[in-house]
Amino acid sequence: MFSFISFAQQTKFVDFKSVLGKIEINPIEKSVSGEVTYFFEVTSAIDTIKMDAQNIDFSNLKINNIEVKFSNNKKQILLFEGYKIGKNTLTFNYLAKPKQTMYFVGEGENLQIWTQGQGKYTSNWFPSFDDANEKVIFNLDVNFDKNFKVISNGVLDSKVINSNTIDWYYRMKKPMSSYLLMLAIGKFEVQYELSNSGIPLHFYIENEDISKSEPTYRYSKTIFDFFVKEIGVKYPWDVYKQIPVRDFLYSGMENTSATVFSRDFVVDEIGFEDKNYVNVNAHELAHQWFGDMVTAESGKHHWLQEGFATYYALLAEKEVFGEDYFYNKLYSISQQLKSVSKTDTIPILNKNASSLSFYQKGAWALHVLREGVGAKVFQKSVQNYLKKYSFKNVTTDDFLNEIRKVSKYDVDSFRIKWLESASFDNQKVTELLIKNQSTKALFEIQKLRNKPFKEKQDIFLKTMQSDAYFPIKEEIIYQIDNVSFSDKAILLRLALATNDVNVRQAIANTTLKIPLEFKVEFETLLDDKSYIIREVTLNSLWSQFPEDQIKYLEKSKDWVGFNDKNLRILWLTLALGTKDYKLESKAKFYDELLHYCSQKFDSSIRQNALENLIFINDKDKNVLPFLVNSLTSHKWQFSKFGREKIRLLLKNQNVRIYFETLLSTLNKNESEALGKLLRE
């Protein structure tokens, strides 16, 4: 009846220009419905037009205001009548209950709804195009409970407050691929800044996290202004928003004009020293140019998005933290790439390349190229590339041709060595790294690894008292790990005196047996502005000095730590394991730890609590149902954790019997997931 053409063929003859979606979301039913109007143009005769729609029901479908027949195979709708050469309109109503891409987290006042289109397909919640080559101007009107904020792509044109709901009207001016369409709904506060170029910057935060707003978004405006200057092409959209959400699947996602990122990066002043949002912040912002404005034509050219975003994030960190930091990050990445070079054998220019290739090796390829042609020539090439292909799709040759136009650099050799080969040019990498004096000094210290301690002791002492960059001093700590305490004591004390968080963390991590004469000095790590150091130190001291366990617990009783409550959960575990500590409160401590396993909390908290309770008693029947529930989490990291733990526990026949009896009490999804593991 009609031919099954590919989207690549369809885009030659049909151009979807813009869309207006008027949608409502039902958090109880976990459904989304709406009325949609697409405006499209047919340039040549075609017998079938496709639109992706995963398990979506349609009604009242009209083309040019006339109801027409269509086919819905639950993956696509196929249109085969009613349109003409020239301008057309397509309208329909739809209802979807997305199994992925739109996620409902929590309930009631704690409800959040957010979307993740890349790799999951927006067509699960909004009929659209899974092919990134079909770019459309998206506009959404969203009706939702007035007690929540609704965020989508583009500028909030207006909103209408009704008795119980608010209508939010978001508008875009430029086209984008469907995977970049987004929604985020929750109880957010918002803070505003204005970039130097006049673009409004919106920083969202949950009300309970307002005190963490400044550390979380630190350097955001600096990074934005740096990119506008460094890239040399104006920011392509009218606003930039950033929204942290709970149980996000990845670190962040560069939806057009609105980045969604993991709440794990919402940090306080201390947390900033351990893990902060700066790199992810810069990476996702860089995508607004590299990926959102100029989009790879296919997976083969994915590095044009991820490699660029990774490299420009490093350039932003160089702007913020300095050149030594930049080169240390490049060095760390090179070590990753070197270690997998013999097993990771798919080159960058292949749709099946690893994330490490697309991201990190892609970044290194760009650094080699930038160093080879010079920063100014590289910048000019990037400007020409972005301007020429604005709001279009690109291939690797499109970018490399812009290098060829302004430089005599051997682009063909570069392409073969860095993009088409799986090898990693460690010699070239080393040559570029030692341009930085701190990295060069690090390499010199590393050469001493196999030397006897006595032969390098003086060098270590001199270096530890110098202003050498922290990775060099970390390297010294690692090299003296197996040296007797009496021989290395002075070095450890000098290292502590640096007051550098990274160096002191190296001491905490390597001091597995705390000498009695070093105990008081080691205890000072409990006061460091680092949740990682405090966690390692508290655990070590509590384990090795039973006589002081109560002292350590009293000191740390109010600690919470990161968003995963790493310090609080450790404290509860240690309190339960301390023989004479607050016997009357043991049940209370246990109940709190068990409570953190429930669905009321983020998966990072739940996983942390589950790990500790299973460590205490891996046959605890109060804990095991919570572990089973993890199997149904949308967050793959958490469900994977649950599967691995249950597989280990099933080796115990008594636990297996318990899980088998538990099956009848579970809901359908839990029962199916556990049943699958029992049948393995």
Hey, does the side chain of [X] reach the backbone of [Y] with a donor-acceptor pair shorter than 3.5 angstrom?
| X | Y | value |
| --- | --- | --- |
| Q465 | L461 | yes |
| N509 | Q505 | yes |
| S213 | I210 | no |
| T343 | V340 | yes |
| R656 | L678 | yes |

Determine whether the aromatic ring centres of residues [Y] and [X] are separated by less than 6.0 angstrom.
| X | Y | value |
| --- | --- | --- |
| Y103 | F248 | no |
| F261 | F265 | no |
| F326 | Y331 | no |
| F601 | H595 | yes |
| Y359 | H283 | yes |

Taking the side chain as C-beta and beyond, is there a heavy-atom pair between [X] and [Y] under 4.5 Å?
| X | Y | value |
| --- | --- | --- |
| N622 | Y590 | yes |
| F522 | P515 | no |
| S220 | Q242 | yes |
| I333 | L356 | no |
| T259 | K241 | no |

Checklist entry - If you draw a 6.0 Å radius around NZ in K640, do more than 12 non-hydrogen atoms from other residues or ligands fall strictly inside? => result no
Next on the checklist: Are more than 12 heavy atoms, taken from residues, nucleotides or ligands other than I490, located less than 6.0 Å from that residue's CD1 atom?
Outcome noted: no
Checklist entry - Mind checking whether Y581 and W571 have parallel, tilted or perpendicular rings, split at 30° and 60°? => result perpendicular
Have a look at [X] and tell me which of [options] forms a side chain to side chain contact (heavy atoms under 4.5 Å, CB included) with it.
| X | options | value |
| --- | --- | --- |
| F188 | N207, I151, D209 | I151 |
| F460 | Q457, K456, K462 | K456 |
| D620 | L624, D618, N617, I616 | N617 |

Item to check | Residue pair N669, T632: steps toward the side-chain hydrogen bond (donor to acceptor under 3.5 Å, both in side chains) verdict | outcome: CA-CA 7 Å; N669 291 336; T632 64; over 6 Å; no
Next on the checklist: Could you go through F321 and Y219, starting from their C-alpha distance and side-chain angles, then the distance that decides it, and tell me whether this counts as ring-ring contact (aromatic ring centres under 6.0 Å, His included)?
Outcome noted: CA-CA 10 Å; F321 300 123; Y219 304 120; 5.7 Å; yes
Next on the checklist: With side-chain contact (heavy atoms from CB on, under 4.5 Å) as the criterion, how do D602 and D564 come out once you've worked through the C-alpha distance, each side chain's angles and the decisive distance to 0.1 Å?
Outcome noted: CA-CA 8 Å; D602 295 4; D564 68 355; over 6 Å; no
Item to check | E474 and N502: CA distance, side-chain angles, deciding distance, side-chain hydrogen bond (donor to acceptor under 3.5 Å, both in side chains) verdict | outcome: CA-CA 7 Å; E474 281 182 321; N502 300 284; 5.6 Å; no
Centre of [Y]'s six-membered ring, under 6.0 Å away, within 45 degrees of the axis: is that where NZ or CZ of [X] sits?
| X | Y | result |
| --- | --- | --- |
| K275 | F562 | yes |
| R568 | W559 | no |
| K519 | F545 | yes |
| K318 | Y325 | no |

Next on the checklist: N608 vs N566, test: side-chain hydrogen bond (donor to acceptor under 3.5 Å, both in side chains). Steps then yes/no.
Outcome noted: CA-CA 7 Å; N608 205 354; N566 66 313; 5.9 Å; no
Between [X] and [Y], is there a side-chain N and carboxylate O pair less than 4.0 Å apart?
| X | Y | value |
| --- | --- | --- |
| K555 | D527 | yes |
| R246 | E206 | yes |
| E208 | K187 | no |
| D225 | K221 | yes |
| E611 | R606 | no |
| R218 | E214 | yes |
| K551 | E523 | yes |
| R504 | D528 | yes |
| E109 | K600 | no |

Side-chain donor-acceptor pair present, [X], [Y], cut-off under 3.5 Å:
| X | Y | answer |
| --- | --- | --- |
| H202 | Q191 | no |
| D344 | S354 | yes |
| T510 | D481 | no |
| Y531 | E273 | no |

Item to check | Pair N328-T439, side-chain hydrogen bond (donor to acceptor under 3.5 Å, both in side chains): steps then yes or no | outcome: CA-CA 7 Å; N328 187 53; T439 309; over 6 Å; no
Item to check | Residue pair L433, L330: steps toward the side-chain contact (heavy atoms from CB on, under 4.5 Å) verdict | outcome: CA-CA 8 Å; L433 286 173; L330 281 174; 3.9 Å; yes
Item to check | Derivation of the side-chain contact (heavy atoms from CB on, under 4.5 Å) call for F638 and L610 | outcome: CA-CA 11 Å; F638 187 40; L610 283 165; 4.0 Å; yes
